[in-house]
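Because only heavy atoms are used, hydrogens play no part in the values below, and waters and symmetry mates are left out as well, while side chains stay in. For clarity, every value in this text was computed on a predicted model and none was experimentally measured.
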Amino acid sequence: MLETLTDASFSPHVGTSCRLLTAPGVSPIELEIAAVEVVGQGREGRRAPFSVLFRGPAARPLPQGTYHVEHERLGALDIFIVPIGPDGAGLGYEAIFN
């Protein structure tokens, strides 16, 4: 499913929340989809690479890794995210889709 997603899949959901599951029995973490940005040009027949920035609570930092993320409209996705640091409103994370 990840290979069919584009920046347009995420853009309408900027400002909405998703649930990130870290481990069985551990409370999910709420992440906000903070921004979506095209970061290059797609090759013929391929999508343009894009970045999705998430914002999470400062009290629950996450290491980089693949996490199960659930969104009301996008459904369930396994996404590799990388922490990019605090942004004044929480901790930022980035996922690159290429």
Side-chain angles (χ1 to χ4, degrees):
M1 161 128 185
L2 291 179
E3 62 277 352
T4 63
L5 297 172
T6 67
D7 62 300
S9 304
F10 284 91
S11 293
H13 307 294
V14 170
T16 66
S17 294
C18 53
R19 295 173 4 121
L20 182 140
L21 307 175
T22 58
V26 177
S27 297
I29 297 173
E30 292 291 319
L31 294 181
E32 174 191 0
I33 299 174
V36 179
E37 180 180 349
V38 174
V39 294
Q41 294 182 342
R43 295 184 289 187
E44 187 176 322
R46 304 218 30 191
R47 69 178 174 203
F50 65 98
S51 160
V52 178
L53 299 178
F54 296 93
R55 181 178 297 117
R60 290 188 65 188
L62 298 165
Q64 81 175 21
T66 301
Y67 293 94
H68 187 75
V69 177
E70 297 174 346
H71 186 271
E72 181 179 295
R73 299 280 187 195
L74 295 169
L77 308 165
D78 291 325
I79 301 176
F80 185 79
I81 63 169
V82 176
I84 55 174
D87 68 0
L91 292 177
Y93 300 94
E94 182 175 38
I96 302 286
F97 295 82
N98 55 24

Q.
Under 4.5 Å side-chain heavy-atom separation, chaining through any Ile, Leu, Val, Met, Phe, Trp or Tyr, what else clusters with Ile84? Say none if it is isolated.
A.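 In the cluster with Ile84 are Leu53.
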Can you give me the closest heavy-atom contact between [X] and [Y], atom names plus distance?
X	Y	answer
Pro57	Leu91	O-CD1, 3.9 Å
Ala58	Pro61	O-CD, 3.7 Å
Pro83	Pro63	CD-C, 4.2 Å
Val38	Ala48	CG1-CB, 4.0 Å

Q | Beyond-backbone contact of Ile81 with Leu20, side-chain heavy atoms, under 4.5 angstrom | A |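 With C-beta onward as the side chain, the pair touches.
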**Q.** Set of salt bridge (charged side-chain N to carboxylate O under 4.0 Å, His left out) partners for Arg19, sequence neighbours left out
**A.**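 In terms of salt bridge (charged side-chain N to carboxylate O under 4.0 Å, His left out), with neighbours along the sequence ignored, Arg19 is linked to Glu70.
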[X] and [Y]: same hydrophobic cluster, using ILVMFWY side-chain contacts below 4.5 Å?
X	Y	result
Phe97	Leu74	yes
Leu21	Ile29	no
Ile96	Leu31	no
Leu62	Ile79	yes

Q: Return each pair, listed once, that meets salt bridge (charged side-chain N to carboxylate O under 4.0 Å, His left out) where at least one residue sits in residues 56-66; pairs must be two or more places apart or across chains.
A: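 Residue pairs with at least one partner in residues 56-66: there are none.
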Q.
By the side-chain hydrogen bond (donor to acceptor under 3.5 Å, both in side chains) test, which pairs, at least two apart or in different chains, include something from residues 87-98?
A.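 The answer is Ser51-Glu94, Arg55-Asp87.
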Q: If the plane angle is over 60° it's perpendicular, under 30° parallel, otherwise tilted; pick one for Phe10 and Phe50.
A: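 Because their plane-to-plane angle lies in the 30° to 60° range, the rings of Phe10 and Phe50 count as tilted.
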Q | Residue pairs, two or more places apart or on separate chains, that pass ring-ring contact (aromatic ring centres under 6.0 Å, His included) and touch residues 65-84 | A |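 Every pair satisfying ring-ring contact (aromatic ring centres under 6.0 Å, His included) with a residue in residues 65-84: His13-His71.
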Q: Take Arg47 and Asp7 through the side-chain contact (heavy atoms from CB on, under 4.5 Å) test and state the conclusion after the steps.
A: CA-CA 9 Å; Arg47 69 178 174 203; Asp7 62 300; over 6 Å; no
